[in-house]
Number of protein chains: 2
Amino acid sequence: MNRSVATRTGPPAARQATLREHNLALVARAVFESAQPCSRAAIAAASGLTRATVSTLVDRLVAAAIVAELPPATPQRAGRPAVPLAPAPRSLVGLGLEVNVDYLGGRVLDLTGAVVAEHVDPDDLHDSDPAEVLARLGRIAQDLLATVRADGMTVAGARLALPGLVDTRAGRLEVAPNLGWSHLDPVRLLGLGPDVPVEIGNEAKLAALAQASRGVVPDDASDPAPSTYLYVSGDVGIGSAIVVDRRLFHGRHGWTGEVGHVVVDPRGPRCRCGATGCLEQYAGKDALLRGAGLPVDAPTETLVAALDAAEPAALAVVERAGTALGSALADYVNLVDIDTVLLGGIYPALLPYLRAAAEAELRARVLAAPWTDVVLLPAPVGDHAALTGGAREVLRGVVEDPSAWVAED
Amino acid sequence: MNRSVATRTGPPAARQATLREHNLALVARAVFESAQPCSRAAIAAASGLTRATVSTLVDRLVAAAIVAELPPATPQRAGRPAVPLAPAPRSLVGLGLEVNVDYLGGRVLDLTGAVVAEHVDPDDLHDSDPAEVLARLGRIAQDLLATVRADGMTVAGARLALPGLVDTRAGRLEVAPNLGWSHLDPVRLLGLGPDVPVEIGNEAKLAALAQASRGVVPDDASDPAPSTYLYVSGDVGIGSAIVVDRRLFHGRHGWTGEVGHVVVDPRGPRCRCGATGCLEQYAGKDALLRGAGLPVDAPTETLVAALDAAEPAALAVVERAGTALGSALADYVNLVDIDTVLLGGIYPALLPYLRAAAEAELRARVLAAPWTDVVLLPAPVGDHAALTGGAREVLRGVVEDPSAWVAED
DNA sequence: TATTTTTGTCTTACGGCTGAACTTATCCGC
DNA sequence: GCGGATAAGTTCAGCCGTAAGACAAAAATA
């Protein structure tokens with residue numbers, strides 16, 4: 001009897017409805033990825049669909065308040081003027097949440113990429129109580145949701161960023177060393193209602209996605225953000241993410257990019273992970289401050305001031321960090337063949353002092369160096385990037401599958 | 001005038017024909033990935049399509065000789081017996097070609113995965129003349145094609161494996177150090193007619209794809225080959241590939257997996273790449289033979305014999321190689337979060353002697369070690385794996401888009 | 001004002017899938 | 001040995017989404 005209920009594995013069959021969903025997403029992407037507002041006719045020409053089909057699809061997106069019709073621009077050419085289309089402001093929004101060692105907070109973005117609400121509480125959350133902290137963040141989230149709902153917006157979902165080993169699918173935080181948290185279900189502890197679907201993610205991974213500005217939401221076109229890059233964020237630990245075509249490379253569990261524990265010198269100092277000579281012991285924040293003779297809890301600005309003052313200890317330790325970083329990034333590039341590296345966290349401030357050493361090491365060690373240049377760039381989105389990244393991930397889901405938000409009929 | 005001819009960027013629009021192509025591929029995959037022959041009804045149940053639709057799609061695949069109807073098996077249950085479906089033998093075939101330092105040759109596989117023709121010429125091709133060698137391989141290919149065509153088979157395409165930096169899209173070989181080749185167009189030099197589309201690929205990458213046995217072509221079900229793994233092939237150099245769901249992770253240019261040049265010890269010996277302490281200098285074939293006090297042109301068997309005889313120099317150098325390999329693989333796993341490693345080339349023979357050291361290093365250095373085990377396995381397909389991988393890649397193309405091989409009407 | 005040009009809508013046709021009835025082929029129980 | 005049960009595969013009308021082309025609308029241009 002239970003024979004042929006068949007697991008229904010593999011990709012789903014395509015039916016007529018699938019066609020419509022596909023093309024609806026195609027049209028939505030066309031609107032969202034266009035630098036300037038575009039017309040129905042332009043979308044038809046670019047996509048290969050007929051103007052008739054594009055029209056019906058656009059009408060659905062407009063009815064769902066995903067796309068907005070702008071007032072007609074003053075026409076320049078002959079012919080009936082086009083109706084400009086653009087992402088709809090302040091209708092569907094995404095919520096990014098984060099708990100990190102130095103703050104907790106939330107940020108709400110709309111489909112245009114604008115911040116419509118935000119609340120950030122700086123705090124020292126080393127070895128904090130997860131239940132208490134997450135309940136507090138839950139209340140912050142509720143406040144933000146109430147505010148934007150009062151303005152008539154609909155919340156598409158939320159994404160919680162955590163600085164640790166996260167199993168996104170199971171919704172479990174395995175361990176977050178710096179928070180002193182382990183083995184818990186953060187979504188349950190947040191205590192948001194079932195009306196807002198919450199997923200969790202690693203902080204560095206979500207911050208990485210925030211860097212792809214042209215992804216979901218058009219920024220100003222002067223910023224040609226790359227779509228394939230490595231994002232490396234330096235703090236006490238050094239996390240990173242592999243982004244290909246504005247999407248994360250996920251690996252087996254999502255635990256990619258642990259570049260902080262790449263071997264720089266096996267005879268080097270012992271790392272808190274138990275091994276020796278990891279990158280973190282050369283280019284992590286604690287190692288840098290200690291090496292420069294500064295207190296471990298000093299802010300990055302203190303180190304930068306020491307560098308600006310040309311203090312020899314600071315200059316030496318940062319150059320050594322640059323060499324170590326270059327060596328580890330060379331391994332990274334040799335293994336995954338991605339040659340644009342965005343540096344976040346403490347690195348943008350230090351980049352002038354470590355760039356030369358890092359680039360020398362990259363030139364020496366990257367096998368493909370004769371045919372391609374590895375580019376080191378400061379990450380464009382800095383402050384609490386994971387909040388932006390989390391909110392954008394939610395909105396990317398809306399744009400890539402708008403059918404869930406479009407009326408049936 | 002030239003305004004709106006629009007580049008037609010992005011994914012194509014979905015039309016009715018797209019639906020059919022999608023479902024045709026879905027049905028083909030169902031037949032090819034099934035362990036035993038399956039019926040139309042079983043495919044319908046598994047895919048969610050109706051039996052009517054599956055029937056018409058299967059009929060097209062049968063007419064195109066991609067799928068074959070087997071004679072009915074003796075029925076066990078009540079009801080009309082099913083017609084078993086399986087990949088069609090000896091109809092569409094793929095050609096794998098390879099030039100490497102020690103041989104050149106070709107292999108023809110049919111859709112069942114069976115070798116239907118093969119020709120391998122051992123030879124020393126260090127610093128050879130590319131035009132002469134590729135012309136020779138072209139003649140071998142012509143002979144193989146003539147043979148299989150005489151038996152009524154159709155050649156779907158060919159794939160040429162080369163040991164070097166290959167730009168697959170442009171069809172250019174940038175450099176193959178061991179052959180002494182650089183900057184050439186191997187497809188043109190092969191001189192095959194336009195009736196057989198030839199693509200080129202890196203040897204290690206294609207060998208890696210050969211390891212996913214259940215991919216295109218069902219092997220015996222006793223071998224549960226993984227679908228996501230790292231493949232690391234040791235020879236003079238050490239190449240590798242990242243395989244996710246039986247597909248290559250391509251990176252920017254396809255130049256991923258250069259694990260031979262991951263840093264093991266920056267104070268280590270100088271590598272031929274110009275840097276110091278690369279893995280290749282510890283675990284490459286030349287380094288191993290030299291360290292064991294054997295001639296550099298000795299075959300691997302000589303080293304294995306020395307190990308079996310418990311010669312101290314050999315044991316020491318292989319253990320050192322195991323540690324180095326473990327260190328480099330730990331970096332690899334930390335960066336890409338893939339925990340199954342298939343070892344090919346010279347490593348399967350050496351695995352008993354280097355496994356302990358490598359696994360110790362992996363346990364110490366892989367950050368996720370407490371939550372997941374890194375598994376080292378000998379690669380299942382050994383002899384000239386790139387030939388098999390190349391042919392399978394061609395056939396994978398057929399199964400993933402059968403519509404090109406199915407009659408219009 | 002008439003013509004040209006381009007946008008957006010309307011109508012008809014077509015292709016591909018669904019669902020339900022129907023046919024075919026086997027097993028099972030009496 | 002025969003009828004019912006069971007399952008596989010086929011046939012046919014109907015639905016849905018897109019294509020194709022005509023048509024309406026709105027602006028620049030002569």
Side-chain angles (χ1 to χ4, degrees), chain A residues 1-6 12-27 37-62 67 69-85 403 406 408-409, chain B residues 1-6 12-27 37-62 67 69-85 403 406 408-409:
Chain A
M1 292 297 176
N2 60 0
R3 190 185 314 118
S4 68
V5 190
R15 10 182 70 65
Q16 298 289 92
T18 315
L19 242 181
R20 194 186 50 128
E21 283 171 26
H22 179 101
N23 286 333
L24 199 63
L26 191 75
V27 169
C38 57
S39 68
R40 290 167 169 81
I43 296 171
S47 68
L49 293 166
T50 62
R51 284 175 308 174
T53 304
V54 170
S55 246
T56 64
L57 295 174
V58 166
D59 289 347
R60 284 183 216 247
L61 291 171
V62 170
V67 165
E69 294 184 314
L70 303 184
T74 54
Q76 305 297 331
R77 303 193 312 277
R80 172 176 169 175
V83 178
L85 302 171
S403 56
V406 167
E408 297 275 318
D409 188 25
Chain B
M1 292 298 175
N2 60 359
R3 190 186 316 121
S4 69
V5 190
R15 5 181 77 67
Q16 299 287 90
T18 316
L19 246 180
R20 194 187 50 128
E21 284 169 25
H22 179 100
N23 286 333
L24 199 63
L26 191 73
V27 169
C38 57
S39 68
R40 290 165 168 85
I43 295 171
S47 68
L49 293 166
T50 61
R51 286 178 316 196
T53 305
V54 170
S55 247
T56 64
L57 294 174
V58 165
D59 289 348
R60 284 184 216 245
L61 292 172
V62 170
V67 166
E69 295 185 313
L70 303 185
T74 54
Q76 305 297 328
R77 304 191 312 275
R80 174 174 169 176
V83 178
L85 302 170
S403 56
V406 167
E408 298 274 318
D409 191 24

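Since the model is a prediction, treat every value here as computed from it, not as a measurement.
OP1 and OP2 of D:dA8 both lie 4.0 Å or more from every side-chain N or O belonging to B:Arg40. At D:dG9, none of the side-chain N or O atoms of B:Ser55 fall inside 4.0 Å of OP1 or OP2 (strictly under the cut-off). When the side-chain nitrogen and oxygen atoms of B:Arg15 are compared with OP1 and OP2 of D:dG17, none of them lie within a distance under 4.0 Å. Residue B:Thr53 places at least one side-chain N or O under 4.0 Å from the OP1 or OP2 atom of C:dT18. For D:dT18, one of the phosphate oxygens OP1 or OP2 lies less than 4.0 angstrom from a side-chain nitrogen or oxygen of A:Asn23.
One can place CD1 of B:Ile43 at 12 Å from P of D:dT10, the figure rounded to the nearest angstrom. Summarising the geometry, the separation between CZ on B:Arg60 and P on D:dT10 is reported as 14 Å, rounded to the nearest angstrom. Here D:dC16 presents its C1' atom at 13 Å from CD of A:Glu21, a figure rounded to the nearest Å. Note: CG (A:Asp59) to C1' (D:dG17) measures 15 Å, nearest angstrom. A straight line from CG of A:Leu57 to P of C:dT9 spans 12 Å, rounded to a whole angstrom. Here the P atom of nucleotide C:dT7 and the CG atom of A:Leu85 are 12 Å apart, to the nearest Å.
Minimum interatomic distance between A:Pro37 and A:Pro84 (heavy atoms only, all atoms of both residues): CB-CB, 3.7 Å. Taking every heavy atom of both residues into account, A:Val83 and A:Leu70 meet most closely at CG1-O, 4.2 Å.
Between its two ends, the helix from C:dT1-D:dA30 to C:dC30-D:dG1 turns its axis by 10°, counting five pairs per end and rounding to 10 degrees.
Formation of a donor-acceptor pair under 3.5 Å by the B:Ser47 side chain with backbone atoms of B:Ile43 is found in this model.
Two residues are said to be in side-chain contact when any heavy atoms from C-beta on lie closer than 4.5 Å; B:Thr53 and B:Thr50 meet this criterion. The shortest distance between side-chain heavy atoms of B:Arg40 and B:Leu49 does not fall below 4.5 Å.
B:Val83 comes within contact range of the sugar-phosphate backbone alone, with a heavy-atom separation under 4.0 Å but no base atom that close. Using a 4.0 Å heavy-atom cutoff across all strands shown, A:Thr56 reaches no nucleic acid atom at all.
To the nearest 0.5 Å, atom CG of residue A:Leu24 and atom CG of residue A:Leu61 are 4.5 Å apart. To the nearest 0.5 Å, atom OG of residue B:Ser39 and atom CZ of residue B:Arg80 are 11.0 Å apart. Separation of atoms NE2 (A:His22) and CG (A:Leu57) is listed at 11.0 Å; rounding is to 0.5 Å.
The 5' end of DNA chain C is approached more closely, in terms of each residue's nearest nucleotide, by A:Pro84 than by the other of B:Arg20 and A:Pro84.
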When every nucleotide of nucleotides 19-30 of chain C is labelled 5' to 3' by its protein contacts under 4.0 Å (heavy atoms), B for base, S for sugar-phosphate only, - for none, what sequence of letters results?
B-B--BBBS---
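Residues A:Arg15 and A:Glu21 are not paired through a salt bridge, judged by the lack of any N-O separation under 4.0 Å between the basic side chain and the carboxylate.
Among the nucleotides C:dG8, D:dT18, C:dC17, the one closest to the side chain of B:Leu19 is C:dC17.
For a distance-only test at 3.5 Å, the side chain of B:Gln16 qualifies as a donor-acceptor partner of the base of C:dG15.
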